[in-house]
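Inspection log for the structure reproduced underneath, given as structure tokens.
The model shown is predicted, which means the values in this text are computed figures rather than measured ones. Heavy-atom basis, side chains included; hydrogens, waters and symmetry copies ignored.
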Amino acid sequence: MAKYSAIPQGFMRVGEVAKKMGVTVRTLQYYDKEGLLSPSAESEGGRRLYTDKDLITLHQIISLKSLGFSLDDIKERLISLETPADVANALTEQADDIRQKIEQLQASLSAIEQLKAEVLQMQTVNFKKYADIIVNLQMKNDSYYLIKRFDDDTLDHIRSQFDKESGLDFMDRFNRLSDEIVQLQKENVPPESEKCQQVVKDYWGLIMEFTNGDMSMLPKLMEVGNIDTATNAWEERQKIVNAYLEPALQVYFSRLGTNPFEEVKP
């Protein structure tokens with residue numbers, strides 16, 4: 001590092017830099033210590049001296065820090081600023097980071113607005129259920145509508161039965177199977193056909209997986225699945241699924257010689 005007896009033109013003391021950039025001298029000293037931003041020169045008296053180029057680097061650091069990056073992450077992302085292309089690349093990366101942050105904030109805002117609507121619809125204060133809705137909104141799980149229909153016991157069962165990964169996998173399989181059932185309905189495939197009965201078997205398998213074989217949960221699932229008036233696309237699809245499955249399940253259980261729904265008291 002060059003040392004000067006007087007401050008040359010184009011150099012700034014640490015206090016001047018701090019004032020210009022809205023940070024503290026202590027912050028600049030810390031960035032120097034951490035290897036993020038070292039002064040370009042030093043006076044013979046030990047004063048740190050910075051250049052306009054250092055200000056650009058400091059701007060990068062401040063911007064990335066405001067986006068939530070750790071100092072270690074920032075250190076890896078700092079780009080040398082030797083040519084106009086270097087500066088342009090640095091600004092491009094920073095712009096991309098800002099766009100990503102905007103998308104995250106927009107998603108959070110949307111989730112808050114959706115949660116507010118759900119809270120007003122439920123007409124009850126249930127923070128445990130609110131938390132479940134928030135998690136599923138964050139995961140972009142469109143089936144979060146189900147949560148408000150479940151009672152606390154069923155939600156406790158779901159929490160104990162599934163983690164985030166297995167829960168998303170289950171809902172993915174459930175939704176794909178539901179789409180397949182809707183397609184069968186559109187094609188007017190008879191409930192007693194082998195094609196339909198195989199899908200019904202898979203559907204019943206998902207119910208058994210969900211309940212972990214606990215037949216006492218069936219009345220609650222029947223209540224949750226009973227949709228009189230659909231309020232969203234998911235419920236619209238489920239109404240179609242329910243209407244098609246009802247006769248198909250009767251055929252399936254008659255062939256098994258048992259009907260679990262009739263054997264379990266509500």
Side-chain angles (χ1 to χ4, degrees), residues 1-119 127 130-142 144 163-165 167-168 172:
M1 181 188 301
K3 288 195 176 185
Y4 298 93
S5 57
I7 299 176
Q9 186 176 358
F11 284 82
M12 294 165 278
R13 295 188 182 93
V14 64
E16 185 180 353
V17 173
K19 185 176 181 180
K20 276 189 174 184
M21 300 301 291
V23 298
T24 65
V25 171
R26 182 174 293 183
T27 296
L28 291 173
Q29 292 170 341
Y30 180 70
Y31 288 167
D32 184 12
K33 178 184 175 184
E34 294 297 314
L36 279 170
L37 175 64
S38 297
S40 292
E42 187 177 304
S43 70
E44 288 184 352
R47 294 177 180 271
R48 294 177 171 84
L49 302 178
Y50 295 85
T51 63
D52 288 332
K53 179 182 174 182
D54 295 328
L55 293 189
I56 299 297
T57 302
L58 179 57
H59 176 71
Q60 277 188 278
I61 295 170
I62 294 171
S63 299
L64 291 171
K65 192 170 183 295
S66 71
L67 292 173
F69 290 98
S70 69
L71 293 185
D72 287 338
D73 290 334
I74 293 172
K75 192 180 297 185
E76 292 179 4
R77 298 175 73 89
L78 288 178
I79 301 172
S80 61
L81 305 172
E82 301 299 333
T83 67
D86 292 336
V87 177
N89 288 337
L91 294 174
T92 298
E93 276 208 8
Q94 190 174 326
D96 289 341
D97 292 333
I98 292 172
R99 288 190 192 95
Q100 185 178 6
K101 191 68 173 180
I102 289 172
E103 289 175 3
Q104 292 171 350
L105 290 172
Q106 288 176 332
S108 296
L109 177 60
S110 175
I112 288 171
E113 294 292 345
Q114 286 177 279
L115 177 61
K116 181 177 72 176
E118 299 301 335
V119 167
F127 289 103
Y130 298 165
D132 286 331
I133 291 175
I134 290 171
V135 169
N136 280 270
L137 285 171
Q138 289 173 338
M139 293 189 299
K140 297 185 175 10
N141 181 9
D142 291 337
Y144 79 89
D163 57 18
K164 177 180 177 180
E165 185 177 348
L168 285 175
D172 179 62

Tell me which one of Asp54, Leu55, Ile56 satisfies side chain to side chain contact (heavy atoms under 4.5 Å, CB included) with Asp52. Leu55
Taking all heavy atoms of Arg48 and all of Asp32, pick out the closest pair and write down the distance. NE-OD2, 3.0 Å
Thr27 OG1 to Leu36 CG distance, which is reported to the nearest 0.5 Å: 11.5 Å
Side-chain (Lys75) to main-chain (Glu34) donor-acceptor, under 3.5 angstrom: yes
Given 3.5 Å as the limit, does a donor-acceptor pair link the side chain of Ser63 with the main chain of Gln60, or not? no
Quick check for you: to the nearest 0.5 Å, what is the distance between Tyr31 atom OH and Arg26 atom CZ? 13.5 Å
Determine the minimum heavy-atom distance between Ser40 and Thr51, stating which atoms define it. OG-OG1, 3.7 Å
Nearest 0.5 Å, what's the CG-CD distance between Leu49 and Glu42? 7.5 Å
Nearest heavy-atom neighbours spanning Phe11 and Ala41: CE2-CB, 3.6 Å
Got a second to check how far Leu58's CG is from Lys20's NZ, nearest 0.5 Å? 12.0 Å
Interatomic spacing from OG in Ser70 to CG in Leu64 - rounded to 0.5 Å: 10.0 Å
